[in-house]
Amino acid sequence: MNDLSYILNELGEDREQYFRAISPPIMQTSNFAFKKVADLRKVFEDEFSTYLYSRGLNPTVDILRQKLAALDEAEDCLVFNSGASAIFASVFSNVQSGDHIVSVRAPYTWAQRMFDNILPRFGISTTYIDGTRIENFEQAIRPNTKIIYLESPNSWDFQLQDLQAVASLAKSKNIITICDNSYCTPLFQKPVAMGIDMVLQSATKYIGGHSDVVAGVLTGTRQMMKKIFDNELLNMGNGITPFNAWLLIRGLRTLPVRLERISQSTRKVVDYLKNHPQVEEVIFPFDPSFPQYKMAKKQMSGACGLFTVVMKAEKMDQIVTFCESLRHILMAVSWGGHESLAIPRCASILPENFDAGNRAHKMIRFYVGLEDPDYLIADYEQAFAKSR
Ligand SMILES: *Cc1c(COP(=O)(O)O)cnc(C)c1O
């Protein structure tokens with residue numbers, strides 16, 4: 001049974017094993033004891049089969065793994081101590097010296113740094129493409145291409161890829177597809193069902209949902225997850241801790257209600273900002289003005305709280321004043337928690353290089369959390385008044 005309510009409230013939870021407690025125990029142990037040498041031998045041969053040592057499998061983590069795999073409609077799942085770790089393990093496990101990767105342009109910062117700074121040391125090169133057109137994938141693929149790396153939508157400009165088309169192209173050429181699904185979560189997009197081989201997300205965002213855990217999820221076939229577990233996960237020791245797994249199980253219970261609330265509030269906030277005289281443009285996949293609106297509606301069943309605003313500004317000071325005047329909306333990286341956020345692009349630009357003619361320089365990325373949308377709109381309003 002793959003009903004959402006069943007997955008979030010029951011799947012993987014055998015309450016008879018722990019005094020019928022509603023909330024599962026945090027199995028805070030490093031190792032597990034054995035009575036028979038033969039049993040030890042069995043687990044030494046295959047550590048993915050049972051509990052030996054918590055750098056590998058752990059019962060609390062296993063409850064979470066089952067739920068996350070089911071949500072993605074994938075065979076299995078690994079949970080890492082960060083989204084960046086999940087990215088690294090999924091790519092690193094599938095390349096060797098001389099290989100080539102095709103990635104969408106402007107993927108998540110630390111995916112890009114891995115492609116640019118780490119993999120070239122091992123003779124692995126990456127070609128970045130505009131992923132909005134399937135022809136660009138066809139043209140970039142070489143005989144040694146092993147991975148197509150996707151992020152749909154990506155953050156800042158929210159460009160999408162046609163996941164079904166890319167998956168079928170990759171399959172015909174024996175190339176592994178990996179998709180970062182952090183924006184949508186498995187509730188709003190199911191890349192595995194569209195033929196993508198591996199799906200990852202930063203659980204720091206919506207799965208955790210309370211800005212108190214850093215974690216990453218990777219789902220795919222049992223065979224692929226075992227290969228990554230046996231090599232990258234056990235060797236790098238980058239699995240999630242039992243306590244953080246427990247926090248993510250708790251986060252999952254309320255994921256659908258949080259996303260529903262955030263989706264509704266975001267719609268209201270986006271409509272307010274779109275019509276504001278100090279705003280040039282709002283970039284949000286579920287807004288009819290979005291260039292790939294049709295594609296977004298086709299492959300995503302919802303859009304969350306992240307969007308970008310291009311401000312009308314002559315000087316950088318106007319954007320700085322706006323951001324520094326916000327009283328309730330916090331200036332911080334990340335997103336997916338209870339608190340609304342803002343992050344200006346100009347924080348990554350030296351003031352002397354600011355160019356008011358460059359649309360990207362005037363971007364602020366906003367995240368709408370769980371607050372009342374009118375409370376947020378009032379905050380935007382007073383900050384706009386100060387930055388006029
Ligand atoms: C945050 C984020 C990550 C990285 O996740 P961490 O948990 O911060 O390591 C990866 N991809 C996207 C799209 C993100 O927003």
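Order of listing sets the numbers, starting from 1, for every ligand and every atom in it.
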Geometric cation-pi criterion K297 and F286, 6.0 Å radius, 45° cone: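 The answer is yes, since K297 meets both limits relative to F286.
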Can you report which non-hydrogen protein atom sits closest to [atom], along with the distance?
{"atom": "atom 6 (P) of ligand 1", "result": "G83 N, 3.3 Å"}
{"atom": "atom 11 (N) of ligand 1", "result": "D180 OD2, 2.6 Å"}
{"atom": "atom 8 (O) of ligand 1", "result": "Y108 OH, 3.8 Å"}
{"atom": "atom 7 (O) of ligand 1", "result": "T204 OG1, 2.6 Å"}
{"atom": "atom 14 (C) of ligand 1", "result": "K205 NZ, 2.9 Å"}

Proximity of F115 and Y149 rings by center, below 6.0 Å: yes
Close aromatic pair by centroid cut-off 6.0 Å: W335 and F366: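 No, ring centres 6.0 Å or more apart.
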If the threshold is 4.0 Å, N to carboxylate O, is there a salt bridge linking [X] and [Y]?
{"X": "K268", "Y": "D271", "value": "no"}
{"X": "D162", "Y": "R133", "value": "no"}
{"X": "E13", "Y": "R253", "value": "yes"}
{"X": "R105", "Y": "D130", "value": "no"}

W335 to ligand 1, any heavy atom closer than 4.0 Å: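 Per 4.0 Å heavy-atom rule, W335 contacts ligand 1.
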4.0 Å heavy-atom contact, G336 with ligand 1: no
D374 and Y272: side chain donor to acceptor below 3.5 Å: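 The criterion, which ignores hydrogens and geometry beyond distance, is not satisfied for Y272 and D374.
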Any N or O of [X] that comes nearer than 3.5 Å to an N or O of ligand 1?
{"X": "I87", "value": "no"}
{"X": "S202", "value": "yes"}
{"X": "V214", "value": "no"}

Structural part of A215 in contact with ligand 1, heavy atom criterion under 4.0 angstrom: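 The part of A215 near ligand 1 is the backbone, not the side chain.
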For ligand 1, the portion of S182 having any non-hydrogen atom under 4.0 Å away: side chain
Atoms of ligand 1 close to A84 [distance to a heavy atom under 4.0 angstrom, numbered from 1]: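 Every atom of ligand 1 under 4.0 Å from some heavy atom of A84: 4 (C), 5 (O), 6 (P), 9 (O).
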Test ring-ring contact (aromatic ring centres under 6.0 Å, His included) applied to F80 and F88, step by step: CA-CA 10 Å; F80 296 86; F88 197 89; over 10 Å; no
